[in-house]
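The figures here come from the full heavy-atom set of this structure, side chains too, leaving out hydrogens, waters and symmetry mates.
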Amino acid sequence: MSQAMIGNPMGDQIEVFTVCPADAIERSGARGFSLSRIDDSGESRLFSIIVVRTLGDDYFGYVNRCPHDGVWLNIGSGEFFSADHSFLRCGRHGARFEIETGVCIEGPCNGQALEPVALAVIEGDVCLCGVELLEEDRASERFEDSEETMDITIHPD
């Protein structure tokens, strides 16, 4: 993950963090990333996002949190999509969300929406814009959501 500043037409500077290479997400695919965000008090907090790439090569980003009960969308099955890949879905209760808007069209949070995050594809990389992240060497690799699990053994004292 790397950080840069870019200008906008208003003359303001926007922080931009590279999340991953654009081609690391297949077309009609999604990938979750757990990043470290700096909160208002200066503390580092977990910031889990989803990056979706459409068949037409558009990228959409959302905070990985269902508006119904706050769990990750990929909890349970590990999948972000409905069976036909037409919608994002919550693995806990099956709510379906429009990919382009994040609006829930079916489920207990009907009418609510996923929280969007601003993305840009810059020089072949998907970048998160306007969010202050803790920059660590390869922090995103260490926390990336994957199908691997960690075995933890607890030994009594």
Please lay out, stage by stage, how L114 and V63 fare under the test side-chain contact (heavy atoms from CB on, under 4.5 Å).
CA-CA 7 Å; L114 300 172; V63 173; over 6 Å; no
Could you give me the CA-CA distance, side-chain angles and deciding distance for Y62 and L88, then say whether side-chain contact (heavy atoms from CB on, under 4.5 Å) is met?
CA-CA 11 Å; Y62 299 102; L88 293 170; 4.0 Å; yes
Please assess V126 against T18 for the test side-chain contact (heavy atoms from CB on, under 4.5 Å), listing each intermediate value before the final yes or no.
CA-CA 6 Å; V126 176; T18 300; over 6 Å; no
Apply side-chain contact (heavy atoms from CB on, under 4.5 Å) to the pair I38 and E43, showing each step before the final yes or no.
CA-CA 5 Å; I38 306 298; E43 296 290 321; over 6 Å; no
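The distance from the CZ atom of F80 to the CZ atom of R31 is 10.5 Å, given to the nearest 0.5 Å. One distance of note links CZ of F60 with OG1 of T101; it measures 9.0 Å at 0.5 Å rounding. From F97, atom CZ reaches atom CD of Q112 across 8.0 Å, with rounding to the nearest 0.5 Å. Expressed to the nearest 0.5 Å, how far OG of S44 lies from CD of E132 amounts to 10.5 Å. The distance from atom CZ of R53 to atom CG of L119, rounded to the nearest 0.5 Å, is 13.0 Å. Put simply, SG on C90 and NE2 on H68 are 8.5 Å apart, with the number rounded to the nearest 0.5 Å.
Counting non-hydrogen atoms of neighbouring residues, nucleotides and ligands closer than 6.0 angstrom, the CZ atom of R96 exceeds 12 such neighbours. Within 6.0 Å of atom CD in E26, 12 or fewer heavy atoms from other residues, nucleotides or ligands are found, so the atom counts as exposed in its surroundings. More than 12 heavy atoms of other residues, nucleotides or ligands shown are found within 6.0 angstrom of CG on D84.
Using a 4.5 Å heavy-atom threshold, the side chains of L128 and L35 count as touching. Side-chain contact check for R37 versus V131: some heavy-atom pair is nearer than 4.5 Å. You'll find the side chain of P67 stays beyond 4.5 Å of the side chain of C104, heavy atoms only. A 4.5 Å side-chain heavy-atom check between C129 and F17 finds every atom pair outside the cut-off. Looking only at side-chain heavy atoms (C-beta outward), N74 and E79 stay at 4.5 Å or farther from each other. Put simply, the side chain of N64 does not reach to within 4.5 Å of the side chain of I49, judged on heavy atoms. Under the 4.5 Å side-chain criterion, counting only non-hydrogen atoms from C-beta, C127 is not in contact with V121. Inter-residue side-chain proximity for E98 and I105 is flagged as met; some heavy-atom pair is nearer than 4.5 Å.
What you find for Y59 and A22 is that their closest heavy atoms are OH-O, 2.9 Å. In plain terms, the two heavy atoms of H93 and C109 that are nearest each other are CE1-SG, 4.3 Å. Between A30 and I50, the shortest heavy-atom contact is CB-CG2, 4.1 Å. When all heavy atoms of P21 and D125 are compared, the closest pair comes out as CA-OD1, 3.5 Å.
Hydrophobic clustering (side-chain heavy atoms under 4.5 Å, transitive across Ile, Leu, Val, Met, Phe, Trp, Tyr) groups F47 together with I25.
For the pairing with S28, the side chain to side chain contact (heavy atoms under 4.5 Å, CB included) check across L55, I99, V52 returns one residue only, L55.
Between D69 and R92 a salt bridge is recorded (basic side-chain N to carboxylate O distance below 4.0 Å).
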